[in-house]
Amino acid sequence: MSNRLIILSFVALTFACLAFAYEPKPLQDFCVADPNASVKVNGLVCKDPMKVQAEDFFFSGLHLMGNTSNPVGSRVTTVFAAQLPGLNTLGISMVRIDYAPWGQNPPHTHPRATEILTVLEGTLQVGFVTSNPDNRFITKVLKKGDVFVFPVGLVHFQRNVGNGYAVAIAALSSQNPGAITIANAVFGANPPIPGDILAKAFQVDKSVVEQLQSKF
C-alpha cells in the first residue's frame, strides 16, 4: 500500500510540474521587463522594482483600427510583454484582430498559449483541427458578443464571413505566446525546406511547391 501511495504521489507531482511548465509562477509581485538588459534568460530580465512606474503596466492603442490592406485581409495588434513590459512573467496577454470583408487570420498555432476570442463587431467563422490521428475539424460561426476558445498548440483560424469589417479581442495564456503561421512556416522557411520533401508531404508535384515557395 505504501509503495502504491509513493508511486501515485510521484505521478501527481510529475503532472503538476508539467502543468506549470509553460509559465512558471512569479516569485515576486511583478517582473517588469528590462529590454536593455544584456543578460539572456528564458524570458526577459526584471527591471529594478524601485524604478518601475505606472507606464510599465500601461498600453494604449487597441481602440485604433488595424490596417488590413494586405494579402490575407487582416491585422493583429499584439499586447505582449514586448509591448507592455509589466506583463513579463504574468502568463497573460491579448490582441486585437481587424478583418476586412472576407479577410482571414490564416491557419496558425500558438505554441505556448491557449486563446479565448470575443467578437466585438461582425461575423466570423472560426475553427481548429485536433491532433493526430483524428484531425477533426471543429468550426462555428460567431456573431457580436460570442466567445470561442482555441486550445494550446492546435492549428486554428478566423475568417470574416460578413460584408463589413469585423473586430475581435483575444486573450492568451502567456505573456509571449508565439505564433506559427502554417503557410509562412512551411513555404517561407529560410533557408527553404527542400521541395521534394514538401512535394511528398503534400502529395503534389514539386513544381507546385516551388510556385508556392516563390510567393513567401
Please check if the side chain of Asn88 supplies one atom and the backbone of Cys31 the other of a donor-acceptor pair under 3.5 Å.
-> yes
Can you tell me if Ser74 uses its side chain to pair, donor with acceptor, with the backbone of Gln104 under 3.5 Å?
-> yes
Output, in order, the C-alpha distance, side-chain angles, deciding distance and verdict of side-chain contact (heavy atoms from CB on, under 4.5 Å) for Leu117 and Val119.
-> CA-CA 7 Å; Leu117 177 140; Val119 180; 4.1 Å; yes
Between Ser174 and Ala113, the two heavy atoms sitting closest are CB-CB, 3.9 Å
Out of curiosity, Thr77 OG1 to Ile169 CD1, how far, rounded to the nearest 0.5 Å?
-> 8.5 Å
Spacing of Arg159 atom CZ and Tyr99 atom OH [to the nearest 0.5 Å] | 12.5 Å
Taking every non-hydrogen atom, the tightest pair across Gly86 and Phe57 = CA-CD2, 3.9 Å
So, for Leu87 and Gln175, which heavy atoms are closest and what is the spacing to 0.1 Å?
-> O-CB, 3.4 Å
Flag, side chain of Thr114 to backbone of Val152, donor-acceptor distance under 3.5 Å | yes
CG of Asp196: more than 12 outside heavy atoms within 6.0 angstrom?
-> yes
Heavy-atom check, side chain of Pro101 versus side chain of Asn163, under 4.5 Å = no
Closest approach of Asn160 to Ala100 (non-hydrogen atoms, all atoms of both residues) | ND2-O, 2.9 Å
What are the two closest non-hydrogen atoms of Gly178 and His110, and how far apart are they?
-> O-ND1, 2.7 Å
Please answer: with hydrophobic residues joined when any side-chain heavy atoms are less than 4.5 Å apart, are Leu120 and Val147 in the same cluster?
-> no
Donor-acceptor pair, Arg75 side chain versus Asn67 backbone, under 3.5 Å?
-> yes
Can you tell me if Glu115 uses its side chain to pair, donor with acceptor, with the backbone of Phe148 under 3.5 Å?
-> no
Would a distance-only check, ignoring hydrogens and angles, find a side-chain to backbone donor-acceptor pair under 3.5 Å from Asn70 to Val72?
-> yes
Separation of Ile180 CD1 from Thr109 OG1 (nearest 0.5 Å) = 4.0 Å
Below 4.5 Å, heavy atoms only, C-beta onward: do Lys47 and Asn36 meet side chain to side chain?
-> no
Between the main-chain N or O of Ala183 and the side-chain N or O of Thr181, is there a donor-acceptor pair closer than 3.5 Å?
-> no
Provide the closest heavy-atom pair for Gly188 versus Phe216 in the form atom of the first, atom of the second, distance.
-> CA-CB, 3.7 Å
Taking the side chain as every heavy atom from C-beta outward, state whether Pro107 and Val155 have any atom pair closer than 4.5 Å.
-> yes
Going only through I, L, V, M, F, W and Y residues with side-chain contacts under 4.5 Å, is there a path from Leu172 to Phe157?
-> no
In terms of hydrophobic clusters joined by side-chain contacts under 4.5 Å, are Val149 and Ile138 together?
-> no
Would you check if the side chain of Gln158 reaches a backbone N or O of Asn105 as a donor-acceptor pair within less than 3.5 Å?
-> no
For residues Gln83 and Thr78, is any side-chain donor paired with an opposing acceptor at under 3.5 Å?
-> yes
Looking at the rings of Phe202 and Phe187, which for Trp means the six-membered one, are their centres under 6.0 Å apart?
-> yes
Between Ser207 and Asp205: side-chain donor-acceptor atoms closer than 3.5 Å = yes
Is the closest side-chain heavy-atom distance between Ser93 and Pro177 below 4.5 Å?
-> yes
Treat each ILVMFWY residue as a node, draw an edge where side-chain heavy atoms are under 4.5 Å apart, and state whether Leu84 and Ile92 are in one component.
-> yes
State the CG-OG1 distance between Leu142 and Thr118, to the nearest 0.5 angstrom.
-> 9.5 Å
Spacing of Asp56 atom CG and Asp34 atom CG [to the nearest 0.5 Å] = 9.5 Å
Distance from His156 atom NE2 to Thr139 atom OG1, nearest 0.5 Å?
-> 12.5 Å
Angle class for the Phe150/Phe128 ring planes (parallel below 30°, perpendicular above 60°, tilted otherwise)?
-> perpendicular
Could you tell me whether a side-chain N or O of Thr123 sits under 3.5 Å from a main-chain N or O of Val161, the two making a donor and an acceptor?
-> no
Min side-chain heavy-atom separation Leu154-Val129 under 4.5 Å = no
Would Ile182 and Val208 show up in the same hydrophobic cluster when neighbours are defined by side-chain heavy atoms closer than 4.5 Å?
-> yes
Cationic N near anionic O, under 4.0 Å, Arg96 to Asp98 | yes
For Lys143, does its backbone N or O pair with a side-chain atom of Asp146 as donor and acceptor, under 3.5 Å?
-> yes
